[in-house]
Protein chains: 2
Amino acid sequence: MTPHENEHLTIQQAAEKTGLSVHTLRYYERIGLLQPVGRAANGHRRFAPEDVRRIEFLNKLRATGMPIRQMCEFAALMYQGDESIAERLRLLKAHQEVVNQYIEDLQKNLAVIAYKVNLYTQLLEDEHAKTHIG
Amino acid sequence: MTPHENEHLTIQQAAEKTGLSVHTLRYYERIGLLQPVGRAANGHRRFAPEDVRRIEFLNKLRATGMPIRQMCEFAALMYQGDESIAERLRLLKAHQEVVNQYIEDLQKNLAVIAYKVNLYTQLLEDEHAKTHIG
DNA sequence: GCTTGACTTAGAGCGCACTCTAAGTTGTAG
DNA sequence: CTACAACTTAGAGTGCGCTCTAAGTCAAGC
């Protein structure tokens, strides 16, 4: 009997908790992003709290645009335990830089869009003014 | 004879100037994102400075994650001229909000990653300290 | 005993945004 | 005259990240 077996989630529950679909959870396991999770006697998956926590962190990587390939690398390191912390740190720091650069680029491009928004706003105001004078 | 014909660019030159590939430029025209550009006597495309400027702005939308469908909407409005400015303004403002929200989300997710980076850094420092003591 | 529903698998399909291919035309340089 | 480079088209192919389907198993409730 596994300790805390009651805290284990079905795939449905894990999907709800992580915001992924059951399809995606199975897909992630298939491609090796997740190591095979535990199974109940009937062969159904049971997600341990640990599994859920891992998925939730992987979601942060995903949400910041990390490609799945790289997530697989990171996940593999997670499963290796403490000896891989230095390498994990390296990956995360590299990713931080990529995302920060990306945000910077977004903001630069947004500035051009803001410029155009101002231009359009001005044009509309002038238009409006003309109507009031004419 | 078109005025300033010399300022017109071949597809190759337009590609270089806009950072898109010639394939992509033709693709954009095919799907209606770009209205058909002018042609030389031999049927080759000639990009007017105006065309290039339009593409450059569309690139800003692209770079901020706007889907091509929406870019098509915006481009169509651009081709309509001044009557469409109010609608264009509406679209751009909506897009600004989407992107700002997206950046905010990115930063929230980055914060979680940063937390883990600190955690790992601490773990490594402790490890290192132990080595020095032991 | 039968239906219902949650699960299982392998594998097909999808939407997006390109990206490339094949076959053909045209213009210039040697 | 020939070779080559730049262009043209329609349409096929690619990579990513899912998303869905079909066929089957299993346990619980009527």
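Chain letters run A, B, ... following the sequence lines, proteins first, then strands; residues in each count from 1.
Less than 4.0 Å separates DNA chain C from no heavy atom of any residue of residues 98-110 of chain B. Contact check of residues 21-30 of chain A against DNA chain C (heavy atom, cut-off under 4.0 Å) returns A/R26, A/R30. Contacts between residues 32-48 of chain B and DNA chain D, defined by a heavy-atom separation under 4.0 Å, are made by B/R39, B/G43, B/H44, B/R45.
When the side chain to side chain donor-acceptor pair (under 3.5 Å) test is applied to A/D105, the partners found at least two apart in sequence or on another chain are A/Q101. Remark: B/E16 engages B/Q12 in a side chain to side chain contact (heavy atoms under 4.5 Å, CB included) (not counting sequence neighbours). Contacts of B/Q107 classified as side chain to side chain donor-acceptor pair (under 3.5 Å), with partners at least two apart in sequence or in another chain: none. Contacts of A/K93 classified as salt bridge (Lys or Arg N to Asp or Glu O under 4.0 Å), with partners at least two apart in sequence or in another chain: none. In this structure, the side chain to side chain contact (heavy atoms under 4.5 Å, CB included) partners of B/Y27, at least two apart in sequence or on a different chain, are B/R30, B/I31, B/I68.
Taking the side chain as every heavy atom from C-beta outward, A/F47 and A/E7 never approach each other to under 4.5 Å.
Each of B/Q13, B/R39, B/H8 was checked for a side chain to side chain contact (heavy atoms under 4.5 Å, CB included) with B/R46, and the lone residue meeting it is B/H8. The side chain to side chain contact (heavy atoms under 4.5 Å, CB included) with B/E29 is formed by just one residue from the set B/D51, B/T24, B/I11, B/V37; it is B/V37.
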Give every donor-acceptor pair under 3.5 Å between a side-chain atom in residues 113-121 of chain B and any protein atom, sequence neighbours left out.
from   : atom 1 : to     : atom 2 : distance (Å)
B/Y120 : OH     : A/R88  : NH1    : 2.8
B/T121 : OG1    : B/V117 : O      : 2.6

List the atom pairs, with distances to 0.1 Å, where a side-chain N or O of residues 54-61 of chain A and a protein N or O form a donor-acceptor pair under 3.5 Å, not counting sequence neighbours.
from  : atom 1 : to    : atom 2 : distance (Å)
A/N59 : ND2    : A/T18 : O      : 3.0

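With values rounded to the nearest 0.5 angstrom, B/F74 atom CZ is found 8.0 Å from B/S84 atom OG.
For the ring-ring contact (aromatic ring centres under 6.0 Å, His included) condition, no pair includes a residue of residues 82-105 of chain A, sequence neighbours left out.
Chain B approaches DNA chain C over the interval C/dC16 to C/dG27, counting the first and last nucleotide 5' to 3' with an atom under 4.0 Å from its heavy atoms.
Dashed line: the shortest gap from a side-chain N or O of A/R69 to OP1 or OP2 of D/dG15 is not under 4.0 Å.
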